[in-house]
Amino acid sequence: MKLRLYIALFILGFFGCSSPNAKPIEVLSPNTNINVDFNIDEEGMPFYMVKFNNKIVVDTSYLGFEFKDAPAFKKNFIIKNTSTTSFNETWQMPWGEQLDVVNHYNELKVELQEKTSPERFLNIVFKVYDDGIGFRYEFPEQTRFKGDVLITEEHTEFNLTEDYKTFWIPGDWDIYEHLYSTTKLSKIDAMSYAEHVNLAQTYIPENAVNTPVTMVGDNGIHLSFHEAALVDYSGMTLKVDTTNLNLKSNLVGSKNTDYKVKRSLPFNTPWRTIQVTDNAPDLIASNLIVNLNEPNKLGDVSWFKPMKYTGVWWEMHLGKSSWDYGMEMVDGKWTDTGKAHGRHGATTENVKNFIDFSAENNIGGVLVEGWNTGWERWIGFEDREGVFDFVTVYPDYDMDEVVRYAKEKGVEIIMHHETSAATETYEKQQDTAYALMQKHGMHAVKSGYVGKILPKGEYHHGQYMVNQYNNAAIKAAEYEVAVNAHEPIKATGLRRTYPNIISREGLRGQEFNAWAEDGGNPPEHLPIVVFARMLAGPIDFTPGIFNIKFDEYKKNNQVNTTLAQQLALYVVIYSPIQMAADLVEHYETNPEPLQFIKDVGVDWSETKVLNGEVGDYVTIARKERETGNWFVGGITDEHSRYVVLSFDFLDDNTSYEAIVYRDGSNAHWDKNPLDIQIKKKTINSKSELEFPMAEGGGFAISIKKK
Ligand code: NOJ
Ligand code: CA
C-alpha cells in the first residue's frame, strides 16, 4: 500500500526565513520517539540536532562542504523553502531476511541559498524513521558552479553527548578486514591500531573509523553510524575528536586528484545514517539502510536462487592445494613449460567430488577458485594488469565437462574472478567474462580485489573504485549474473536497487582463521560483527568449519569457536549464499552435525532477533520462505552463558519437531571445540527452553511441523 501524505505541520513561518533565532524546523519519526531539528546559526551555517526519547543524542552538528575551485559551503546560507512529507509503503525483497519490508518515515526537505554571491543552492533532505534517520545533500541544477563540482571534503558532523562504548575498526581507505576494538569513544586510537597491521596493503591516514560503527550508552541507547546508497561518490570514514566526542565525515581520497569527489550537477550525496534504538536486537532488525535505497531497477531476478555452496577454497587457505598450476609466461602467454607442481586445486576431478557432495547434501552450488591462468603472478606483484584473464582455463580443468556434470546433478558452478585489483584488465574483459558465464548457465560470480589498486594512487574505498564495484554489478546483471565481491566497497543497501548484488566480504572472514599470524578471529569477533558490519548488509563469511584445529595442515592456526557455533552461524549471519566451507572429507566423517547444514534454509520470510548484547551474544530465529521451517542460531563470545528462549513465534496449537545442536557439557572453543550434543525434541509455541553456550560456543535448532 502506498500512501503519500503531504503535511504542513512545521512549515508555517519558514518560507523565506533567514532568521537564525527562529524556532528550529522540526521533524519527528512516525512513532514520535526520534526528533530532528534543523536550523541555521547567526552566520548562516546549517546545523541539525537529534533527540531520542527526548534526550539529545546528536547535539548541534554543522553541515558543509569544501570545493577545489569554489568557495566552501559553510556559512552565509538562508532558508529559501522547507517542505515536509510522510511516506508509508511495504515493499518485498526478492530474497532476503524477510519478505515484507515496511518503509515508513517523515521527510523534511530544506532548500538553502547563499545570501550573497555566488548565491548557490543546496538542499538537505532528512528522512526520520522509527529506527533512525538518514539525511543527504542534494545539489540542484544551477549555473553558479562553474563546471563540475569538485569536492575536497564533506563536513558532516555527529556531535555526540555521551562517551559511548564503541565497537570500531580503523578508517582504512583500502580494507575493512580488521579486528574490532572495543573502547570508549574518547579512547579511540586508530593510529596505534595501525602500527600492528600491514601498511603495505592498507592506508590508515587519521584517527578515523570505518562504518558501520556501533555504540552503546550507559543508559541503553544504541547507535550505529553508516551510509546508504553509496553511488558515484567516495566512501565516508568518520574522523574522531576524542576530546569533544565528535565524529566528522572524512571522505576517502585519491593520490591522482586534488579533490575527493567529482560530480556534475545535479546530483545527490549518499545518505548519512544514524540507527537509534534502545536495545541491541533492534539494531539488527532495522531496515533503515535498505529503505533509504531506491526500489528495484532490475525487475525479475529469479534467475538467481539463494543457495548454500561448497567449493575449491578452504583447501587453498589451508595449504592443501594451490590456486596456481605452475605455468610460465612465454612471449606474453601463460604456457605449460612442464613446471606443474601437481598441487593445483581446481582440477576437473576435484570439482566433481564437490559436485557429488553438494548434490547429496542439499547444497546448490560449487565455487571453483584457481581455474583460470594467471595465479602465478597475482599477489605481491607490482604489475598485475594483463595477468589474469577470465576465460582461459588451466590444462587440468575442463569447464565444459564440469558444467555438464554439475547440471546433471542439479548443482550450479559459481564462477570466480580474482581481479588482483587490476581494474583496467577486469573492466575490459567483463563482457566476455560474463558472457561465458551466461553461456554455461552460471548465475553467480565471486569477485576479488586483493592488493593495492591499479591504477596506482587509487584506494579501494574512493570514488573511482565505488564506480568500479557498482558498474561491474550493473554490467553483470545484463548477463543475469549476481555478484559476491571480496575486498569490496562496504554494503550500503544497494541490493534493494540492484538485487543481483547478493553478498560480499568486507570484514575479517573465516579465511583469517586459516592463516592469520595473530591467531585468527577471537571468539568475540562475530558477536561484534553482527551488530556492526552486518547492519550494512549480507556477509559472505563462509562458516561451517568442522575440523576446527586442522593440525594436519596448520599447527599454529585454528577456528576459535566450537563446532556448535559453526552451525549457528548459518542462521546468525545473513547471506543469500552460505558456504559450507570445510573439506568434503571433514564433512563425510561428521554426518550428524552435517545434517543441520543439509536442512538449514538460506532465504527467509521472517527474521526475529530474540536476544543479544553488542559484543557478547545474540540469538536469531528465521523462517524459511519455501518450507515455512524455522531455524534458530545463538552464539556467544569468550564467556559461557545460558539463554532461555520462548518459542512463541511458532504457530499456536501446533506440534513441531526440533533438532537441537548445542555445545556439549565439556565444550570450549579452544580446549574442546568438537564436544557437541544433538537431540530431538517435540516443542510448541508455549515451550520455553534453556540453552547453555560454552566459551566461544553456541547452538543451532532446526524446527519442522510434525
Ligand atoms: C581473498 C578472498 O577473501 C578469498 O576468499 C579468496 O580465496 C582469495 N582472495 C583469492 O581470490
Ligand atoms: Ca579477503
Side-chain angles (χ1 to χ4, degrees), residues 169 172 174-179 197-198 200-202 210 309-325 343-346 350-351 354 365-381 384 387-390 394 414-423 425-426 433 444-453 460-461 465 469 472 483-491 502-518 520-521 525 529 533 538-545 553 557 559 573 575 577-583:
I169 53 171
D172 191 327
D174 265 317
I175 205 107
Y176 307 110
E177 297 176 18
H178 294 292
L179 288 175
V197 299
N198 178 1
Q201 294 298 326
T202 64
N210 258 313
Y309 69 102
T310 60
V312 185
W313 180 75
W314 188 237
E315 58 184 78
M316 280 88 102
H317 289 271
L318 289 184
K320 178 189 173 192
S321 71
S322 71
W323 284 276
D324 71 284
Y325 176 91
R343 293 180 54 254
H344 180 225
N350 193 22
V351 174
F354 279 97
V366 175
L367 165 73
V368 185
E369 293 199 4
W371 63 274
N372 58 328
T373 55
W375 289 90
E376 288 78 4
R377 239 181 69 196
W378 71 294
I379 211 167
F381 289 85
R384 284 163 277 124
V387 170
F388 273 120
D389 79 50
F390 304 93
Y394 279 131
I414 299 178
M415 179 45 94
H416 186 234
H417 292 163
E418 175 54 66
T419 69
S420 67
T423 58
T425 301
Y426 190 47
V445 62
K446 169 178 170 180
S447 56
Y449 294 81
V450 168
K452 291 297 272 183
I453 297 294
H460 282 75
H461 309 153
M465 281 309 293
Y469 293 112
V483 179
N484 162 28
H486 278 227
E487 299 77 50
I489 188 64
K490 59 181 141 183
I502 47 175
S503 196
R504 78 189 71 209
E505 191 186 42
L507 85 169
R508 261 176 78 123
Q510 183 87 279
E511 62 186 30
F512 275 79
N513 293 325
W515 39 252
E517 282 168 13
D518 60 10
N521 303 331
H525 182 56
V529 162
R533 158 67 182 87
I539 306 178
D540 188 35
F541 182 76
T542 68
I545 299 302
Y553 299 107
N557 297 88
V559 170
I573 295 176
S575 174
I577 49 163
Q578 283 285 26
M579 190 169 202
D582 211 340
L583 311 179

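Ligands are counted one by one from 1 in listed order, and the atoms in each one are counted from 1 as well. Please read these numbers as outputs of a predicted model, since none were measured by experiment.
- Taking the side chain as every heavy atom from C-beta outward, Y325 and T373 never approach each other to under 4.5 Å.
- Of the N and O atoms on the side chains of Y426 and H417, at least one donor lies less than 3.5 Å from an acceptor on the other residue.
- Counting heavy atoms from C-beta outward, T423 and M465 have side chains that approach closer than 4.5 Å.
- Between W378 and V387 there is no side-chain heavy-atom pair separated by less than 4.5 Å.
- With contacts defined as side-chain heavy-atom distances shorter than 4.5 Å, the pair R384/R377 does not qualify.
- For N372, the side chain to side chain contact (heavy atoms under 4.5 Å, CB included) partners are W375, F388, F390, not counting sequence neighbours.
- Using a 4.0 Å heavy-atom criterion, the residues that approach ligand 1 are W313, H317, W323, E369, W375, W378, H416, E418, K446, V450, H486, E487, E505, E511.
- Around the Ca ion (ligand 2), the protein contributes the following N, O or S atoms under 3.0 Å, ordered by chain and number: E177 OE2, E487 OE2, E505 OE1, E505 OE2, E511 OE2.
- Checking side-chain atoms of H178 against main-chain N and O of D172 turns up no donor-acceptor pair under 3.5 Å.
- Checked against the 6.0 Å centroid threshold, H344 and W371 do not count as a close aromatic pair.
- Residues satisfying the ring pair (Phe, Tyr, Trp, His ring centres under 6.0 Å) criterion with Y309, sequence neighbours excluded, are absent altogether.
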